[in-house]
Amino acid sequence: MTDFDQEALVRRKDAHIDHVVSGAGRGRGTSGLESIRFVHEALPEIDHDAIDLSTTLLTRPLTAPFLISSMTGGPARAAAINARLAEAAQQLGIALAVGSQRVALGGDGTGLGEDLRRRAPDALILANLGAVQFVRGFGLDEARRAVEMIGADGLILHLNPLQEAVQPEGDRDWRGVEAAIAAVARAFPGRLVVKETGAGISGETARRLADCGVAAIDVAGAGGTNWALIEGAREKGGRAEAVAAAFAGWGVPTAQSLIEVARAAPGVELIGSGGIADGLDAARAIRLGARVVGQAAGVLDAALTSTEAVVEHFAVLEAQLRLACFCTGSANLAALAQAPLAAESRL
């Protein structure tokens, strides 16, 4: 297992929360989802309240197609955040992906232990580690420990080369990461998700990941939180901030990434995240190929408040998604994925 300064890592994770809340990670450009326009169905011939929003992810049933995407922080706040998110996921019947467990594997649970599963006994929970760590000393033992410590149903390996390269203490040697992903995929058949962290995934990269045997890809496209800017904010006035500024608009926008990945890796389940502002954006992402839609920064304020606030946040998203289905005449998500788009939609 790789050595690192546990205390410094905890401080960095805690600072990340502050900078996300302050809006320091807002980059230039958008997710591209706003350019996707549905054809309005004025005569839907369906029952609004009977619309079926259920789906599956990694063969697990979900009441609605939402994933609470990975969030983290220092121990005190992380424990409270994770408890609220788990309780909300249980109540709503949606999926939960925890933040990076690198700190937790080092001995500080940050709310990532058996208590998480107790709070969400029926929810789909995904563990999470950085892919680059698997060329920095991590192996299948760490992967299994990450899954077992929270009773997870699957594992996310996250890709964050932009963030790592800007981060003064980041990991910049990524040689061998693809082979490491393939090795983890073999050990977790049908249970490995690979995600970006805000810069998107291209079609070509998606093909390589599919060849590695991953079960799902979370595009985490540009248009949401830009982690280069977050790392720059940690070095206010320093070199990292100056370097990151040029990359404020970097990445594959979420809409483009969804289209490319859906075409390049049709056999892989697709998660749409990155700048998902509301339930209409969720509908757009599903129309572009996403099975499930993820949100992290958008729900952070609610997660810092209470379980009830998280539940209400997703209740609004669900109502918006249901309304999009109703006004396109879509009785379920499969129909929504085929709903007609207006001619001005840019695909």
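Keep in mind that this is a model prediction, so the values were computed, not measured.
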Measuring from atom CG of Asp218 to atom CD of Glu269, what distance do you get when rounded to the nearest 0.5 angstrom? 12.0 Å
Where is the tightest heavy-atom contact between Glu196 and Val219, given as atom of each residue plus distance? CB-O, 3.4 Å
Classify the side-chain pair Asn226/Gln163 by whether it contains a donor and acceptor separated by less than 3.5 Å. no
If the threshold is 4.0 Å, N to carboxylate O, is there a salt bridge linking Asp281 and Arg284? yes
How long is the span from the CG atom in Leu58 to the CZ atom in Arg291, to the nearest 0.5 Å? 9.0 Å
Nearest 0.5 Å, please: how far is CD in Glu178 from CG in Leu209? 7.0 Å
Residues 325-336 vs side chain to side chain donor-acceptor pair (under 3.5 Å), sequence neighbours excluded, gives Thr328-Ser330
Suppose the criterion is salt bridge (charged side-chain N to carboxylate O under 4.0 Å, His left out): which pairs have a residue in residues 42-63, not counting sequence neighbours? Arg60-Asp153
Fit a plane to each ring of His48 and Phe326, take the angle between them on a 0 to 90° scale, and name the class: parallel (under 30°), tilted (30 to 60°) or perpendicular (over 60°). perpendicular
Does a donor on one side chain and an acceptor on the other come within less than 3.5 Å for Gln256 and Glu260? yes
Are Phe134 and Val177 packed together at the side-chain level, in the sense that at least one heavy-atom pair is separated by less than 4.5 angstrom? no
Considering only NZ, NE, NH1 and NH2 on the basic side and carboxylate oxygens on the acidic side, decide whether Glu164 and Arg172 come within less than 4.0 Å. no
Can you sort out the partners of Glu204 under side chain to side chain donor-acceptor pair (under 3.5 Å), two or more places apart, ordered by chain and number? Arg207
Any ion pair linking Arg208 and Asp211 (charged N to carboxylate O, less than 4.0 Å)? no
Have Asn128 and Ser100 got a donor and an acceptor in their side chains that come within less than 3.5 Å? no
Output yes when Glu169 and Arg234 qualify as a salt bridge under the 4.0 Å nitrogen-oxygen rule, no when they do not. yes
Would you say the side chains of Ser202 and Thr205 form a donor-acceptor pair under 3.5 Å? yes
With heavy-atom distances below 4.5 Å as the criterion, would you say the side chains of Asn82 and Arg119 are in contact? no
Do Ile51 and Ile46 have side chains that get closer than 4.5 Å, going by heavy atoms? yes
Say you draw a straight line from CD1 of Ile271 to CG of Leu57; how long is it, rounded to the nearest 0.5 Å? 5.0 Å
Over 12 non-hydrogen atoms of neighbours within 6.0 angstrom of CH2 in Trp174: yes
How about Leu105 and Leu129: do any of their side-chain heavy atoms sit closer than 4.5 Å? yes
